[in-house]
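Read through the structure below, which is laid out as C-alpha cells, and then see the notes.
All values derive from a computational prediction rather than experimental measurement. Residue numbers run from 1 in the order of the sequence given. Just the heavy atoms: all of them, side chains too, but no hydrogens, waters or symmetry mates, feed the values below.
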Amino acid sequence: MKANTQHWLLSLMKSWGGFFTPYRSWLGELKHPATIKADLVAGLTVATIAIPQAMAYAQLAGLPAYIGLYASFLPVMAAALFGSSRQLSTGPVALASLMSATAIQPYASLGMEVMMTYAALLALMIGVFRLSLGLLRLGVVVDFLSNPVVIGFTNAAALIIATSQVPKLLGLDIKADQFDHYYEYLWTVATSVGNAHGATLIMSGAALYCLFILKRYAPMLPGILITVTLTTVIAWLVHYDAIGGAVLGAIPKGLPSFNFPAIEFNFSHLSALMVSAIVIGLMGLVEAISISKAIASQTRQPWSVNQELVGQGMANITAGLFQGYVVSGSFSRSAVNFSSGAVTGFASIVTGCLVAITLLFLTDLLYYLPQATLGAVIIMAVLNLLAVNPIKRAWKVERHDGVAAIVTFVATLMFAPHLEIGILTGIILSIGLFLYRTMRPNFVELARDQEDGILRDAELHGLPTSDTVAIYGFDGDLYFANAGYLEGKLFNTMASKPALKVVILDMEGVGQIDATGENMLEKVVDRLSTKGTYLYFARSKAQVYNAMERSGLVARIGKQHFFKERKDALQYAQQMFGDAIDITPLQLPELKRIRGMHG
C-alpha cells in the first residue's frame, strides 16, 4: 500500500511540469500576423472596459482605486500564461470584490495600509488554494457548489452590490462596512435621501443614462470608456470637486512592486481569513469555469478544469505578491474578449500592458473621474447577475433545488455583510436535501406487463404479482444513509406475502455500495434464510459485484445466487423449486403460451 501511494505521488509530481507551460500550445501561433492583429484589437477593447471597472471594483472591495489597476496588470498576464482558456479575461470582478470587502472589513479600524495588506494576503491564500486544487487534480470539488445555490447567492449579492453604490449616486458619506447588519445600512441610506447632493445626482443620472443608452442602442461601442471620458471631462470643465462632488483624486504613478503581505501572526484573524479564502476561491471558480466551458464549446479548443485552476491560482498569487487583491474570470470582459476576435492568451497580455501604460503615464487624466460614475459602472455591471428565471426553473425541475436557491438568497441578504454565512448555508442545505432524497430512493415490486412483456411497477400499473416469488427494484446507490430504508422496505413488503419463497433484488439501479450497505444485505440474507426464503441478485454492476466479492459476501451467499438477467434468476428458481412457486405473473407472454401447450 505504501509503495502504491509513493508511486501515485511521484507520478502526480512528474505531471506538474506540464501545468506550468500551457502557453506553448498557442505561442507558436503568434508568428501569424493575422493572429497578432486579432489579439491586439481584442486586448485593446477589453482594456477600455477593464481599466474603469477595475478601479470601481477596487473601491467596492473597500480599497483605493489604483489597487484595482495593480490587480489588472500582472495577474491578468499570469492567468493568460498558465490558464487553459485562451479567451478567459481575468481581473477584479464584482462578486469577489464584495466578498473580499467582507473578509477584510474587520481590519478597517487599523487603517487603509493594513486593509491593503490583508487584501493581498487574502488573494495569496486564494491563489495557493486554487493552485493546490489544480495540481492535485481536484477540479471536481467545484461541483459541491450546486447551480441553485450559486444562483441564489449571486442574485442576493447583486442586490447588495447595487445598493452599496447608492450613496455614491446620492453624494452621501455612508459606507456599508460601517454597519454590523446590512439592513441597518439600508435604513440609514433611506432616511438620508433628503440630504442628497444636487450636483452628484445630476452627474450620476447622466452616467447611468449614458451607460444605458450606449448599451441598448450602440452595444458595439465601448460604452464604459465613453461614459468615463465624458463625465470626467464635464467634471473638469465645471470644477465638479469644487462644488462638492466627489472625484477619484490623485493616483500614484508607477507599477506595483514585489511586496510579500507580512502581518503579525494572529490565529483567529488568519483562520477567519482562510475560511473566506476557501469560500471566495470556490465561488470565483464557478464563474471562471462556467465562462471557460461556454467559450470552449464554441471554439472547439481543448480545455482543462485543473489547468484553469492552476491559471487562476497563479493569477491570485501574483496579485497577492504585487500589491493587488483577489481576481477571477470575468463573464462580461471574457465575452468582449471572445467577441472581439481574441485567438490566444496574448490578447490578455496586451490588456495587462495597456493597464501598465495607464499606471505609468495616464493617471493624471483620471483625477477628475467622478465617484458617481464609478458607482454607475458597478450598478450597470451587476444588473447582469440578477436572474429570477433560473430560480423558477430550478423550482419546476426539483422543488428541493428551488428551496435551496431561495434559502440561499434570503440567508445571504439576512446575514450580510457576512456573505460566507449565506453561501455556506446554501451548500449545507443543498447537501442535506440531496442526502434526504437519496435516503428514500425509489423501491418497487415489479411484474410483467402482458401487453409488451416489460417488467413494470406492479402497484403503479395495476399488475398482478406472485405470492411465492417477488422481484424488487431499487434505484439508488446503496450506502449508510439508505441501507436501513431498503431493509425496512424489503421486510415490510414481504410481510404481506407469508408464502414468499424467492426474492429477486434487481441491482441495476445501484451504482455504488459501501460497507453499511453490504453489511445490511448480509443481515437480510441471514434473516430470510431462517424463514426459508432465498434472496437472489440480478443485474449487479461490475463495481458493486466486485465490492461484494472482495468482502466475502458473494462466497457466503453463493455465486449461484447472482445472475446477469432477471429472467435467468426466474429460470433458476423454477428449476430449484418447481411447482412450489408460481412465476406466471413474471414470465414473458410467449413462454406462458409454450408452457401452456406443453401442459
Side-chain angles (χ1 to χ4, degrees), residues 441-476 478 485-510 513 517-518 520-542 544-545 548-549 553-599:
N442 190 38
F443 178 88
V444 297
E445 182 176 1
L446 303 174
R448 190 76 65 180
D449 191 326
Q450 299 306 309
E451 293 184 2
D452 54 17
I454 296 175
L455 284 169
R456 302 185 187 279
D457 182 342
E459 182 179 357
L460 181 64
H461 296 277
L463 302 175
T465 61
S466 170
D467 291 331
T468 53
V469 181
I471 300 178
Y472 295 111
F474 180 77
D475 297 325
L478 186 52
Y485 173 77
L486 173 59
E487 182 180 12
K489 292 292 289 187
L490 275 171
F491 287 112
N492 287 339
T493 54
M494 288 188 295
S496 60
K497 295 186 177 186
L500 197 61
K501 194 72 176 175
V502 175
V503 173
I504 300 172
L505 189 59
D506 185 353
M507 299 282 283
E508 186 189 32
V510 182
I513 187 171
E518 185 270 346
M520 179 276 296
L521 291 178
E522 183 177 27
K523 290 180 179 179
V524 169
V525 171
D526 290 341
R527 287 182 61 182
L528 290 178
S529 63
T530 60
K531 299 180 180 180
T533 305
Y534 296 87
L535 179 62
Y536 298 163
F537 297 89
R539 303 201 298 175
S540 298
K541 286 183 169 60
V544 175
Y545 179 83
M548 292 189 289
E549 192 172 39
L553 183 62
V554 172
R556 178 177 173 79
I557 297 174
K559 285 188 177 181
Q560 69 274 19
H561 289 171
F562 289 84
F563 303 90
K564 289 185 177 180
E565 301 293 339
R566 293 167 297 192
K567 63 180 181 180
D568 298 332
L570 285 172
Q571 290 174 5
Y572 180 82
Q574 183 69 59
Q575 293 172 5
M576 292 296 296
F577 300 102
D579 294 336
I581 60 173
D582 176 22
I583 64 171
T584 304
L586 303 170
Q587 280 184 301
L588 289 168
E590 59 268 22
L591 292 178
K592 288 183 180 181
R593 289 194 296 270
I594 294 172
R595 188 178 181 187
M597 290 171 61
H598 284 289

At what distance, to the nearest 0.5 angstrom, does CE of M494 lie from CG of L500?
6.5 Å
ring-ring contact (aromatic ring centres under 6.0 Å, His included) involving Y472 - partner list, sequence neighbours excluded
F443
How far does CG of N492 sit from OH of Y485, to the nearest 0.5 angstrom?
10.0 Å
Taking only residues at least two apart or on different chains, which pairs with a member in residues 554-566 satisfy side-chain hydrogen bond (donor to acceptor under 3.5 Å, both in side chains)?
D506-R566, E522-R556, D526-R556
Please list, one pair per line, the donor and acceptor atoms closer than 3.5 Å that link side chains of residues 454-469 to other protein atoms, with sequence neighbours excluded.
{"residue": "R456", "atom": "NE", "partner": "D449", "partner atom": "OD2", "Å": "3.1"}
{"residue": "R456", "atom": "NH2", "partner": "D452", "partner atom": "OD2", "Å": "2.3"}
{"residue": "D457", "atom": "OD1", "partner": "E459", "partner atom": "N", "Å": "3.1"}
{"residue": "D457", "atom": "OD1", "partner": "L460", "partner atom": "N", "Å": "3.3"}
{"residue": "T465", "atom": "OG1", "partner": "K497", "partner atom": "NZ", "Å": "3.4"}
{"residue": "S466", "atom": "OG", "partner": "T468", "partner atom": "N", "Å": "3.1"}
{"residue": "S466", "atom": "OG", "partner": "T468", "partner atom": "OG1", "Å": "3.2"}
{"residue": "S466", "atom": "OG", "partner": "V469", "partner atom": "N", "Å": "3.2"}
{"residue": "S466", "atom": "OG", "partner": "D582", "partner atom": "O", "Å": "2.5"}
{"residue": "T468", "atom": "OG1", "partner": "D582", "partner atom": "N", "Å": "2.7"}

For K489, what residues pass the salt bridge (Lys or Arg N to Asp or Glu O under 4.0 Å) criterion, not counting sequence neighbours?
none
If you round to the nearest 0.5 Å, how far is CD1 of I504 from CD1 of I471?
4.5 Å
Residues that N442 engages under side-chain contact (heavy atoms from CB on, under 4.5 Å), provided they are two or more places apart:
V444, D475
Would F577 and Y534 count as a side-chain contact (heavy atoms from CB on, under 4.5 Å) here? Give the steps.
CA-CA 11 Å; F577 300 102; Y534 296 87; 3.5 Å; yes
Rounding to 0.5 Å, atoms CD (E445) and CG (L586) come to a distance of 8.0 Å
What distance separates F562 CZ from M548 CE, expressed to the nearest 0.5 Å?
4.5 Å
Least distance between heavy atoms, Q574 atom then D579 atom
NE2-N, 4.4 Å
Rounded to the nearest 0.5 Å, how far apart are NZ of K531 and NZ of K501?
13.5 Å
Go through the steps to decide whether M507 and L505 satisfy the test side-chain contact (heavy atoms from CB on, under 4.5 Å), and finish with yes or no.
CA-CA 6 Å; M507 299 282 283; L505 189 59; 3.7 Å; yes
For V524, which residues count as a side-chain contact (heavy atoms from CB on, under 4.5 Å) partner, sequence neighbours excluded?
E487, L490, F491, M520, L528, L535
Counting only N and O atoms by type, is there a donor-acceptor contact under 3.5 Å from the side chain of T533 to the main-chain atoms of V502?
no
E508: what forms a side chain to side chain donor-acceptor pair (under 3.5 Å) with it, not counting sequence neighbours?
R539
If the condition is ring-ring contact (aromatic ring centres under 6.0 Å, His included), which residues does Y572 pass it with, not counting sequence neighbours?
Y536, F563
